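Inspection log for the structure reproduced underneath, given as structure tokens.
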Amino acid sequence: MMKIQGAFLIICFLTFGGCKEKAKMDEQSTIKNMELADNEISGEGEWEILFDGTSFDNWKAYLDDEMAANWEIEEGAMVFYPPSDRPKGESYNIVTREAYNSFVLSLEWRVAEGANSGIFWGIKEDSVYRQPYETGPEIQVLDNQRHPDAKNGNTHQAGALYDMVAPAEDVTKPAGEWNSCEITVNYKEQKGKVILNGVEIVAFPLDNSQWEALVSDSKFADWSGFGKYATGKIGLQDHGDVVAFKNIKIKRL
């Protein structure tokens with residue numbers, strides 16, 4: 001009799017324990033599914049690698065299907081070397097093959113002494129526009145210590161929304177050192193920001209009356225296509241100076 005009762009208790013314990021464990025697993029699965037559903041609703045995705053240090057597969061020349069000349073891959077970075085004898089009117093700006101709307105862009109940039117470059121978004125790749133900056137707003141990449149643009153007002157300094165919003169402070173590292181940069185462009189929330197070397201230095205409105213006011217007060221006021229395309233290419237600028245980028249990734253919002 002005692003053996004039967006003991007066996008019965010063991011069976012009950014195992015059954016109860018199994019049910020409890022199954023309930024716990026079901027609960028975890030439900031939570032996971034809810035998290036996945038939330039991500040689908042918000043449109044947030046995983047990080048996509050735009051440059052892994054080995055290939056230009058995700059990049060090409062502006063208005064051309066091939067990669068632009070004078071960009072090299074060195075030690076995991078893409079480096080632009082301006083030609084010593086540039087053909088008249090020739091530019092070597094590059095853009096992503098895909099277009100993006102709302103996103104977080106993460107990368108590192110480094111400039112040579114006295115160098116200037118930029119990071120664009122919302123580029124409309126159309127032969128009507130000869131340069132990416134005719135449509136794409138720019139986050140400035142600059143040697144603040146040596147390039148004359150840094151003396152032309154704070155809205156031209158590194159990290160600025162070029163000619164529109166100045167950085168709150170100068171947190172750039174000296175020329176030749178890497179700067180980490182994170183750019184958020186969120187048309188759904190109508191706002192963007194720039195984090196440079198871990199510090200939020202710029203915040204700006206998007207696609208609303210405040211944005212229009214910024215454009216109206218800038219050099220772009222009469223540019224018909226500037227900032228008009230919420231969905232567009234991301235670009236890196238040939239400004240005639242040596243500049244490098246690495247660890248480039250993007251997350252769609």
Side-chain angles (χ1 to χ4, degrees), residues 50-51 55-74 77-100 105 107 109-144 146-153 155-164 175 181 183 185 214-246 248:
L50 291 181
F51 178 68
S55 168
F56 285 126
D57 287 351
N58 296 314
W59 298 86
K60 66 185 202 64
Y62 180 69
L63 296 179
D64 195 327
D65 196 51
E66 301 298 322
M67 182 60 188
N70 295 87
W71 288 85
E72 306 290 341
I73 296 177
E74 296 179 356
M78 59 166 72
V79 186
F80 176 68
Y81 292 103
S84 56
D85 186 18
R86 183 189 296 263
K88 186 176 181 179
E90 190 72 21
S91 294
Y92 303 94
N93 302 293
I94 59 174
V95 297
T96 53
R97 292 190 176 274
E98 290 193 41
Y100 300 88
L105 176 69
L107 53 75
W109 59 260
R110 181 183 67 193
V111 290
E113 290 189 2
N116 186 342
S117 183
I119 304 162
F120 302 105
W121 82 87
I123 296 170
K124 175 67 173 177
E125 196 172 19
D126 189 311
S127 58
V128 172
Y129 307 111
R130 295 188 59 192
Q131 298 288 343
Y133 57 72
E134 293 182 47
T135 55
E138 175 188 354
I139 302 302
Q140 177 76 300
V141 171
L142 195 75
D143 176 5
N144 279 348
R146 299 173 181 83
H147 196 280
D149 232 17
K151 315 304 179 186
N152 292 332
T155 59
H156 290 194
Q157 293 182 355
L161 174 59
Y162 186 78
D163 209 55
M164 291 193 282
C181 182
I183 302 167
V185 171
L214 284 175
V215 175
S216 295
D217 290 337
S218 74
K219 64 184 286 184
F220 310 111
D222 298 324
W223 295 27
S224 61
F226 181 81
K228 300 296 185 183
Y229 302 95
T231 299
K233 304 290 185 72
I234 290 167
L236 302 176
Q237 187 182 35
D238 158 20
H239 203 284
D241 300 313
V242 177
V243 62
F245 301 90
K246 68 177 182 178
I248 310 174

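Please read all numbers here as calculations on a predicted model, not as lab measurements. When a residue number appears, it is its place in the shown sequence, counting from 1.
- The aromatic rings of Phe51 and Phe56 sit parallel to each other, their planes meeting at less than 30°, with 60° as the upper class boundary.
- With sequence neighbours left out, Asp217 forms a side chain to side chain contact (heavy atoms under 4.5 Å, CB included) with no residue at all.
- Closest non-hydrogen pair, Ala115 versus Val242, comes out as CB-O, 3.5 Å.
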Show, in sequence, the C-alpha distance, side-chain angles and deciding distance for Ile119 and Leu236, and conclude whether the side-chain contact (heavy atoms from CB on, under 4.5 Å) test is met. CA-CA 5 Å; Ile119 304 162; Leu236 302 176; 4.1 Å; yes

Given the rule in the side-chain contact (heavy atoms from CB on, under 4.5 Å) test, do Trp121 and Leu105 qualify, once you have shown the distances and angles that lead to the verdict? CA-CA 10 Å; Trp121 82 87; Leu105 176 69; over 6 Å; no

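- A pairwise comparison of heavy atoms in Leu161 and Pro137 identifies CD1-CB, 4.2 Å as the closest pair.
- The side-chain hydrogen bond (donor to acceptor under 3.5 Å, both in side chains) pairs that include a residue from residues 78-92 are Glu74-Tyr81, Arg86-Asp238, Ser91-Gln131, where partners are two or more places apart or lie in different chains.
- The line from CD1 of Ile183 to CD1 of Ile139 is 5.0 Å long, rounded to the nearest 0.5 Å.
- Residue pairs meeting the salt bridge (charged side-chain N to carboxylate O under 4.0 Å, His left out) criterion with at least one member in residues 220-231, sequence neighbours excluded, do not occur.
- To the nearest 0.5 Å, atoms NE2 (His239) and OG (Ser117) are separated by 8.0 Å.
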Full working for side-chain contact (heavy atoms from CB on, under 4.5 Å) between Phe80 and Asn70: CA-CA 6 Å; Phe80 176 68; Asn70 295 87; 3.7 Å; yes

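- The minimum heavy-atom distance between Thr135 and Tyr229, with the atom names listed, is CG2-CE1, 3.9 Å.
- From Asp57, atom CG reaches atom CG of Leu50 across 11.5 Å, with rounding to the nearest 0.5 Å.
- Heavy-atom minimum distance, Ile123 versus Gly136: CG1-CA, 4.1 Å.
- Taking each heavy atom of Ala221 and Ser216 in turn, the nearest pair found is CB-O, 3.5 Å.
- Here the CG-CD distance, from Asp149 to Gln157, works out to 9.5 Å after rounding to the nearest 0.5 Å.
- Rounding to the nearest 0.5 Å places OH of Tyr133 at 8.0 Å from CG of Asn93.
- Ile248 contributes atom CD1, which lies 9.5 Å from atom CG of Asn58 (distance to the nearest 0.5 angstrom).
- Contacts of Asp241 classified as salt bridge (Lys or Arg N to Asp or Glu O under 4.0 Å), with partners at least two apart in sequence or in another chain: none.
- When the side chain to side chain contact (heavy atoms under 4.5 Å, CB included) test is applied to Lys219, the partners found at least two apart in sequence or on another chain are Tyr162, Asp163, Trp223.
- For Phe245 and Trp109, the distance between ring centers is not under 6.0 angstrom.
- Within the structure, the salt bridge (charged side-chain N to carboxylate O under 4.0 Å, His left out) test picks out the following pairs touching residues 121-137 (sequence neighbours left out): Lys60-Glu125, Glu125-Lys233.
- The backbone N or O of Ala68 sits nowhere less than 3.5 Å from a side-chain atom of Trp59 that would complete a donor-acceptor pair.
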Verdict with supporting geometry, Val111 and His147, side-chain contact (heavy atoms from CB on, under 4.5 Å): CA-CA 11 Å; Val111 290; His147 196 280; over 6 Å; no

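- In this structure a side-chain-to-backbone donor-acceptor pair under 3.5 Å is present from Thr96 to Ile234.
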